[in-house]
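We use all heavy atoms of the structure for the numbers below, so side chains are in, but hydrogens, waters and symmetry mates are not. Predicted model only: the values in this text are computed from it and were never measured.
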Amino acid sequence: KNRNRTSSARHASDCPAAMAMALVQPGAAVRPSRGDESRRWKNVTLKIMGGGEDLTCPLMQASTVYDVRRLLADALGEDLAAIELFEKMGCKFKRMRNCEEIATVCLVKGIKTFARRLQAYPHPFVIIGGGHLGLREALHWTRVGLDFVLFERKPRIGGNAWFGIANSTSKLQSEGPQYQLDWDAFHGGVAAIMPFEKYSFWPTRDRILEHFEEVVGRYNLWPNIRLSTQVVEMDILQAPRGAPENHRAYRLRHEAVGNKFHRDAYGARQPLHDDGGDEGGVDGDGDQEGLPVGGGEEEPAEEGFTTCSCLSFFPGALASPHRRLWPGEESFGGMVGYGFNDEYDYAATKNQDGIVIGMGAFAVENVRTVLEFGARKFYVVARHINLLLPRVLSWYVNQSSMPPPAACILRAMEPMYEYYGRDPWTYFSVVATADHRQASIRQYTRWGIGDLYFLATYYGKIETVEGEVKRFRHRSVVITNGRVIDDIDYVIKCLGFDCDFGVDKVMKTKVHIGYWPDGDFRRWVCSDQSAIDASRFGGTSISSFAASVSMWPTHFFQHPEDAKRILGMGVLVENRARPDKGAAAYHYEPRMASAVILVMATIIPEIADWENVNSPFRKASLWAVAQPEKFLEECEKDWYGYCQMFKDQGDERPFPAYPYSLDFIYGLLAQEHEENLVHLIKRGLMSPETLELELGHIRATGRTLAASVAAAAESAEEGGGGQDAGVAAGILKWRRDMEE
C-alpha cells in the first residue's frame, strides 16, 4: 500500500482510469501546477471505517465525492451503492453528498480493504502449448502461485516455429537479449539477461531449445508439464443451479500421442491440427523433440479428462506450411523440396545454381543457409519483392522508447539498400507522402532481418525476380513475367504458412472478441502476428509481448469485473475466420491486433501500470548486453566474415564497407530522443521554450559526436593511435548528456 504511484496517474487529470490507478497505487507528494485552482492537486487520505487501513493519494482539487466512490468501486470491484464517504465534524461524522468536493481526510464505509479481491476458482488452470508464449505463461503462474497443468503435444518443449518448422541451421533473426524466456522487468531485471558469451545475439535453433529447457528446469516447471499429450475436445460445463458463476468450468479431453508429432517421425508434413475429422485435436505454439532435463523416457498416458476453471491457449502464427506442386515439376530433373524441418539436403547446393521460391522471413533464412553451404548463384522468385530489415535497424526499433515512424525506418534503410541497388521508398508495400515525411508499410509477411541478403546481392550471388512460378521444365523454370530461368540444379520452396483451424474447432469459436473466443473471458487464445501493417513499429522481438500476454489473461481471470467492463464498452475488435486467406478466428490482422492490445493495455489501470514498467525494460535489456558499440562490432564481424567467405570462393573484389557506423546509430538515438520530447510537449508536460533548449542541446551533442568520430578516423589514417579513445570519448559524453 506504500508503493510509489506512477507519474501517468498524476498528469492524466481527465482520465478516470488514471485516477483509479492513483487510488490503488498512491504516491507521496503533491505535484504543483499552475492556472485554474480547480485543477491543482492535493493529498487526500482515505481511512476504512472500523479498520486499520488508510490510503493517501493525490487528487484534483475539484474531485467530487461521487468521483471517488465510483473510482473505488471500479478499482476494487466493489458495489458502488455500498460505498459511502464520511467527514469528521468535531465529535460526529457527516455523510458526504455526491456533489460535494472531496475533503482532505475521509472515512470510507462499505469496503474492508483497499486491496483488490482475487477471484477464487474450484479447479486448476490449463495452458495449451509449450512454446515461448505458453512457457512464459507457465513461468508467470508459477511465480504467482497458481495451480495449473500445461499440455504439449510433442515430446519436447520449444514451439512450432523452432521445432516443427526450423531447420538445424536456423538462427534467430532478431536480438538474443530480447528472446529469452525469463525476460522480466519485475523478476531479475537486467541481471537475468544472459550475456553475449552465453547466448549469442543471433542464437541457433538448438541453443534456443536448450535455453527453454534450462529455464523450465531452474523454475521446476516440469511437474506441471504433460508432454506428448494432445487436447482433442473441450466442453463447457455450466455452473450448477444456485452456484456462483466462478463454478462454470471446462472439460478437456486429451490423448497420449507418443512420438506421433516428433519432428523426425512426422515433422511438418501434415497440418499441425487436424480439422477435417470429428475430433480435430489441437496443440499450442509448443512443439517438442526430446525429454525433460534430467528425465528418462516417460510412458504415454492413457486418454484422459481434465476439468479446469480457466485456460490459456497459444497456437502460434506458424502452423501449417504451404505445399504446392507445379506443372512439369516431375520432369525438372533436379532436386526440389521444402525449406523447413530439415527436409532439404542443403549440402547438395554447393557449387550449384538454384531457385528459392518466396521472400518471407523463413525464405531469407534459407538464403543464408544455402550461401553458407557454398551455393554458386541462385534466384529468389517472389510475387512481390518484400522489404528486408538490416540488423542495426532491428536493434534500433527494439530498444526505442516509442515506436519509431515508418518514414524514419525507410530513411535509415537507404545506406544498406544501396548495395541492393533498390530504393526502399519504391516498394509496393510502402505508401508515403511526396516529401517522405510520412509513410506506412504493409506487407503480408514478417520482416526478413539480416545483412547477408544485401551483401550477397552486391557480390552477384543472388538475383531477385518479381513474379510467380508458372511451370517447370527440364532444368528450367518459367516465370509469369515471361522470363525463363535456365540451367537450374535445385529449387527450394518457402511458400508461407496458414493458421490452425483446428483451434477454432476445439474452442467451438464463431467469433473472437479480442483474445476471447465468443467473448468468454475465462478462455484466452492468442498468437503473434505474421504480417506487417503500420506507420510506426514497436519491435521485432517477442519477449516483451510474451511477458504482456502472460500477465493480461491472469489479471482478467483474477478480476473478472475488469473483463466484463471492457466487454460492456463494446470497444474490442471482433474477428472471424477467413479460410480464403488461411486465417483462423484467433489470428488477427496487424492493425486489428494493435487495436486489441491498445484497449487491453490502457483501459485497465493495473495493466497500464504494469506496462509502464514492462515497456521501458525493452531498452534496458538491450543496452545491458547489446550496447551500440558491441552490437555494431558483431554486425561488422559477420559482414566481413561473409566477405572473406566470398573471397575464398574466388571473388577478389575489395571488401565493401559496412554501411552503418556509430555516428549513424547515435544519430538515430538523437532522433528518438527528439521524438520523445515532442511527445511530452503534445501532452502538455513540457513548455515550448524548454523543448527548443533540449532540441538544440541534442543537435549540438550529435555534431560533437560526429566531429569526434571524424577526428578519430583522420587520426587513424595518419597512423595515430587515438581512434578508440576519440570514439569512446564522444560516446561517453553523449551518454552523460542523455542521462541528464
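- Counting heavy atoms from C-beta outward, Val231 and Phe313 have side chains that stay 4.5 Å or more apart.
- In the displayed structure, Tyr219 atom OH is contacted under 6.0 Å by more than 12 heavy atoms of other residues, nucleotides or ligands.
- The minimum heavy-atom distance between Pro124 and Thr307, with the atom names listed, is CD-O, 3.8 Å.
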Inset, instruction - Start with the C-alpha gap between Asp498 and His322, add the side-chain angles, then the distance that decides, and say whether side chain to side chain donor-acceptor pair (under 3.5 Å) holds. - result: CA-CA 7 Å; Asp498 281 337; His322 291 169; 2.7 Å; yes
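- Put simply, the side chain of Glu175 never gets that close to the backbone of Trp202: no donor and acceptor are under 3.5 Å apart.
- Here the closest heavy-atom approach between residue Val503 and residue Pro315 is recorded as CG2-CB, 3.8 Å.
- Using a distance-only test at 3.5 Å, with no hydrogens or angles considered, a donor-acceptor pair links the side chain of Asn224 to the main chain of Phe148.
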Inset, instruction - Test Phe114 against Leu72 for side-chain contact (heavy atoms from CB on, under 4.5 Å), laying out the working first. - result: CA-CA 9 Å; Phe114 288 119; Leu72 281 171; 4.3 Å; yes
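- Of the inter-residue distances, the one linking Phe151 atom CZ with Leu252 atom CG reads 6.5 Å to the nearest 0.5 angstrom.
- Looking at every heavy atom in both residues, Asp79 comes nearest to Ala73 through C-CB, 4.5 Å.
- Distance check, rounded to the nearest 0.5 Å: OG1 of Thr204 to CH2 of Trp162 gives 8.0 Å.
- No salt bridge links Arg116 with Glu78; every basic N to acidic carboxylate O contact stays at or beyond 4.0 Å.
- In this view, Arg248 and Glu245, Tyr250, Asp520 satisfy the side-chain hydrogen bond (donor to acceptor under 3.5 Å, both in side chains) rule, not counting sequence neighbours.
- Evaluation of the ring-ring contact (aromatic ring centres under 6.0 Å, His included) test over residues 563-593, restricted to residues two or more places apart or in two chains, returns none.
- For the residue pair Trp395 and Gln178, no side-chain donor N or O sits within less than 3.5 Å of a side-chain acceptor on the partner.
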Legend entry - Working for side-chain contact (heavy atoms from CB on, under 4.5 Å), residues Met194 and Gln180: CA-CA 8 Å; Met194 284 189 291; Gln180 299 186 23; 3.7 Å; yes
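- Using a 4.5 Å heavy-atom threshold, the side chains of Thr306 and Arg226 count as touching.
- Arg253 and Asp235 are not joined by a salt bridge, as no carboxylate oxygen comes within less than 4.0 angstrom of a charged side-chain nitrogen.
- You'll find the side chain of Pro517 stays beyond 4.5 Å of the side chain of Lys508, heavy atoms only.
- Residue Leu135 holds its CG atom at 6.5 Å from CG of Leu150, rounded to the nearest 0.5 Å.
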Inset, instruction - Let me see the working for Val232 and Val506 under side-chain contact (heavy atoms from CB on, under 4.5 Å), right down to the final yes or no. - result: CA-CA 7 Å; Val232 296; Val506 169; 5.9 Å; no
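- Within a 6.0 Å radius of NZ in Lys510, other residues, nucleotides and ligands contribute 12 heavy atoms or fewer.
- We find that Asp533 and Arg591 are joined by a salt bridge, their nearest charged nitrogen and carboxylate oxygen being less than 4.0 Å apart.
- Checked options Ile165, Leu495, Thr445; the residue passing with Phe362 is Ile165 (criterion: side-chain contact (heavy atoms from CB on, under 4.5 Å)).
- Counted by atom type alone, Glu137 and Ser312 present one or more donor-acceptor pairs between their side chains at under 3.5 Å.
- Residues Tyr179 and Ser543 come closest through the heavy atom pair CA-OG, 3.3 Å.
- Counting heavy atoms from C-beta on, the side chains of Arg136 and Trp183 never come closer than 4.5 Å.
- With respect to the salt-bridge test (charged N to carboxylate O, under 4.0 angstrom), the residues Asp184 and Arg143 qualify.
- With 3.5 Å as the limit, one finds a donor-acceptor pair spanning the side chains of Asn614 and Ser548.
- Within the model, atoms CD1 of Ile157 and CD1 of Ile225 stand 5.5 Å from one another, a figure rounded to the nearest 0.5 Å.
- Side-chain atoms of Asn246 and Ser309 form no donor-acceptor pair, as typed in the model, at a separation below 3.5 Å.
- Counting heavy atoms from C-beta outward, Ile208 and Lys171 have side chains that stay 4.5 Å or more apart.
- The shortest heavy-atom contact between Ile513 and Leu567 is CG2-CD2, 3.8 Å.
- Of the N and O atoms on the side chains of Trp141 and Thr554, at least one donor lies less than 3.5 Å from an acceptor on the other residue.
- Ring-centre distance between His211 and Tyr199: below the 6.0 Å cut-off.
- The list of ring-ring contact (aromatic ring centres under 6.0 Å, His included) pairs with a residue in residues 556-577, not counting sequence neighbours, reads Phe125-Phe557, Trp516-Phe556, His555-His559.
- Taking a 6.0 Å sphere around NZ of Lys112, one finds it holds 12 or fewer heavy atoms contributed by other residues, nucleotides or ligands.
- You'll find the side chain of Phe537 reaches within 4.5 Å of the side chain of Ile441, heavy atoms only.
- A centroid separation of less than 6.0 Å is found between the aromatic rings of Phe212 and His132.
- Checked by atom type and distance alone, the side chain of Arg442 never pairs as donor or acceptor with a backbone atom of Ala534 at under 3.5 Å.
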Inset, instruction - Could you give me the CA-CA distance, side-chain angles and deciding distance for Glu213 and Trp222, then say whether side chain to side chain donor-acceptor pair (under 3.5 Å) is met? - result: CA-CA 9 Å; Glu213 292 177 341; Trp222 290 120; over 6 Å; no
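- Nearest heavy atom pair, residue Val190 against residue Ala620, reads CG1-O, 3.7 Å.
- Side-chain atoms of Thr229 and Glu255 form no donor-acceptor pair, as typed in the model, at a separation below 3.5 Å.
- Cation-pi geometry between Arg251 and Phe305 is satisfied (NZ or CZ under 6.0 Å from the ring centre, within 45° of the ring normal).
- Not a single salt bridge (charged side-chain N to carboxylate O under 4.0 Å, His left out) links Arg618 to another residue, sequence neighbours left out.
- The SG atom of Cys310 lies 8.5 Å from the CD atom of Gln119; values are rounded to the nearest 0.5 Å.
- Side-chain atoms of Thr540 and Ser394 form a donor-acceptor pair, as typed in the model, at a separation below 3.5 Å.
- Annotation: salt bridge (charged side-chain N to carboxylate O under 4.0 Å, His left out) contacts of Glu589 (sequence neighbours excluded): Arg578.
- Side-chain contact check for Asn575 versus Val511: every heavy-atom pair is 4.5 Å or farther apart.
- Rounded to the nearest 0.5 angstrom, Leu572 CG and Ile603 CD1 are separated by 7.0 Å.
- Scanning for side-chain hydrogen bond (donor to acceptor under 3.5 Å, both in side chains) contacts around Arg207 gives Glu210, with sequence neighbours left out.
- Side-chain atoms of Arg536 come within 3.5 Å of backbone atoms of Pro403 as a donor-acceptor pair (strictly under, hydrogens ignored).
- Ion pairing between Arg576 and Asp504 fails under the 4.0 Å rule for side-chain N and carboxylate O.
- Side-chain contact between Ile83 and Arg70 is absent, with no heavy-atom pair separated by less than 4.5 Å.
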